[in-house]
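Worksheet: the structure to be examined is printed underneath.
Below, chains carry the letters A, B, ... as their sequence lines are ordered, and counting in each starts from 1.
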Amino acid sequence: MRLLRLLLGIFTIALQRELAHRANLLFAALLTATGVAAGLAALGVVYTQTETLAGWRLPEMVVLLGTFTVVGGLRATFIEPNLTWFAGTVREGRLDDLLLQPAPSIFLASLGACHPWGLAQVALGLATVAFGARGLESLPTVGGVLAWAVLLAAGVAITWASRVLLACFAFWAPYVEPDVLYDAFWQLGRYPVGIYHPAVRALLTAVVPVAFIATIPARALTRGAGPPLLIGGLAAALGAVLAARLVWRVGLRRYTSATS
Amino acid sequence: MRPPRALRLLGGYVRRYFLQWMGGRGFLLTLVANQAVTPLIGLAVWTTALPGQRGIGAYYLALLVVRLLTVSYENHTFSNGIYAGALADGLLRPHPVVLAPLGENLAMRLWHLILGLPLLVGVGLFVAPDFRAADVAAALPALLLAALLRFLFTYLLALSAFWTERAHGLVGFGDTLIFLLGGEAAPVALLPGPLQPLGAALPFRAMLGFPAEVAAGQLDGAGVLAGYGWQIVWIGIFAAASALAWRAGVRRYTAVGG
């Protein structure tokens, strides 16, 4: 609860700061809108040539794209501002400031700052999901929407955990910046994992869980989700969060201050 | 006869940045992966959407090669220099300022090709394309022109750093347009009817999709010539625009920092 209040405080301060630069906000919102529109246009082009893509119809794909945008927006708002170029943060000793403060270091390092303008991306994503859901053959049930929300939360947790795990690399290899690699893998979640080669599909579900970002929550909304999927998603989320905390602790143990 | 001074300076810059980036091989590898992801996703999408269609594999493999060889990061190398005041150093040198970012650009492209070669071989083995030597030979000049055009385009957008703090956003917007209309989201031939002539005429196809289409043998003679024509037209337009933007921008530039 204390952490939640802390997060709320961080968000409020960041919001006040962002609102002082309204031109920046507007530009960011415009860029996000362009990105989403481009994604929808790309989908539209694909569906002029085919009825289904790996078994997904156009409204279902729009739901998937919207889900992807929502998770991407949450990542851009809460996680990315902290963990971008984390290896540089470690190298230059800025991590020491975080370690000295009276809150869990993993919380401050991964959620200590935020860019509220990313919420425009979340809003656009939700609008896209709603737009896609309207075009579905059978409107989603309350259970489907709840399952979508639960699996979305699981996806966000897995995103956070995987981002922290990648950032922890810096404790062992402080001169390697793997951010760009994460962004590359992230893009793979934009389409249903069914379009990839089966070996790649397995990789993207089990090892680098990109499937959880959008494919699985979207499938829950458009086709319903049974208990196994929900339990599996929650278990994966829990496992990922625990793994991230463990690796962070281990990494921190080998960390000695970077500055004198 | 010695090559002109500008060319020798450019060669020097290319050598310098090539060696400098040798120390950042790991990071360059992640950049290569980032550049390769979108064409590979396009390949996966279109081979799933149109399973029987031949030529998609060849097209996207050629697109991957074009992407790696036309990569342009001027918003990072040049715009950041403007924001940090490092441009002052470039302005004091006795040669046109554009030589340094151009040299870095060429060095980066060389590195992308070297580090991306295993990936290209892998994708090539997976896709098993049948390229004809004549098509590939016809595509090479197109590739050179596309590389020049892409640099001019990104450089022009990076020059916006003289006026706005959002140069990165603008270049990102340009990249989105290239993705959508340049043959990455879909080969221009597969764009819906009304968009096709637009897609063929706009510079985005000229800097990415056109060389790939020629190499994959998807254009007839008239199409190839038309494509070349558009490339030359857009190179002229962007070169003139860059020169004008540079002249206007450097006039309002005041250095920051010491």
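You'll find the side chain of B:Arg166 reaches within 4.5 Å of the side chain of A:Asn24, heavy atoms only. Counting heavy atoms from C-beta outward, B:Pro192 and A:Val45 have side chains that approach closer than 4.5 Å. Inter-residue side-chain proximity for B:Val37 and A:Phe185 is flagged as unmet; no heavy-atom pair is nearer than 4.5 Å.
Looking at B:Leu50, only its side chain comes within 4.5 Å of chain A, counting heavy atoms on both sides. Proximity to chain A (any heavy atom under 4.5 Å) is restricted, for B:Leu180, to the side chain, taken from C-beta onward. Both the backbone and the side chain of A:Val46 have a heavy atom closer than 4.5 Å to some heavy atom of chain B. Interface remark: A:Leu31 contributes side-chain atoms only to the contact with chain B (heavy atom separation under 4.5 Å).
Remark: A:Ile195 CD1 to B:Trp46 CH2 distance equals 11.5 Å, nearest 0.5 Å. Note that the NE2 atom of A:His197 and the CG atom of B:Leu43 stand 11.5 Å from one another [nearest 0.5 Å]. Atoms CG and CG, from B:Leu40 and A:Leu188 in turn, are 8.5 Å apart once rounded to the nearest 0.5 Å. Between B:Phe173 atom CZ and A:Phe27 atom CZ the span is 9.0 Å, to the nearest 0.5 Å.
When the candidates A:Arg190, A:Gln49, A:Glu51 are compared by the number of heavy-atom contacts under 4.5 Å with chain B, A:Gln49 comes out ahead. Across B:Ala33, B:Ala186, B:Ala185, B:Gly169, the residue that shares the most heavy-atom pairs under 4.5 angstrom with chain A is B:Gly169.
More than 12 heavy atoms of other residues, nucleotides or ligands shown are found within 6.0 angstrom of CZ on B:Phe27. Heavy atoms of other residues, nucleotides or ligands lying less than 6.0 angstrom from CZ of A:Phe131 number 12 at most.
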The test is side chain to side chain contact (heavy atoms under 4.5 Å, CB included); show your working for B:Ile41 and A:Gln187 and say whether it passes. CA-CA 8 Å; B:Ile41 293 180; A:Gln187 293 301 316; 4.1 Å; yes
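For B:Asn34 against A:Asp183, the heavy-atom pair with the smallest separation is OD1-C, 4.2 Å.
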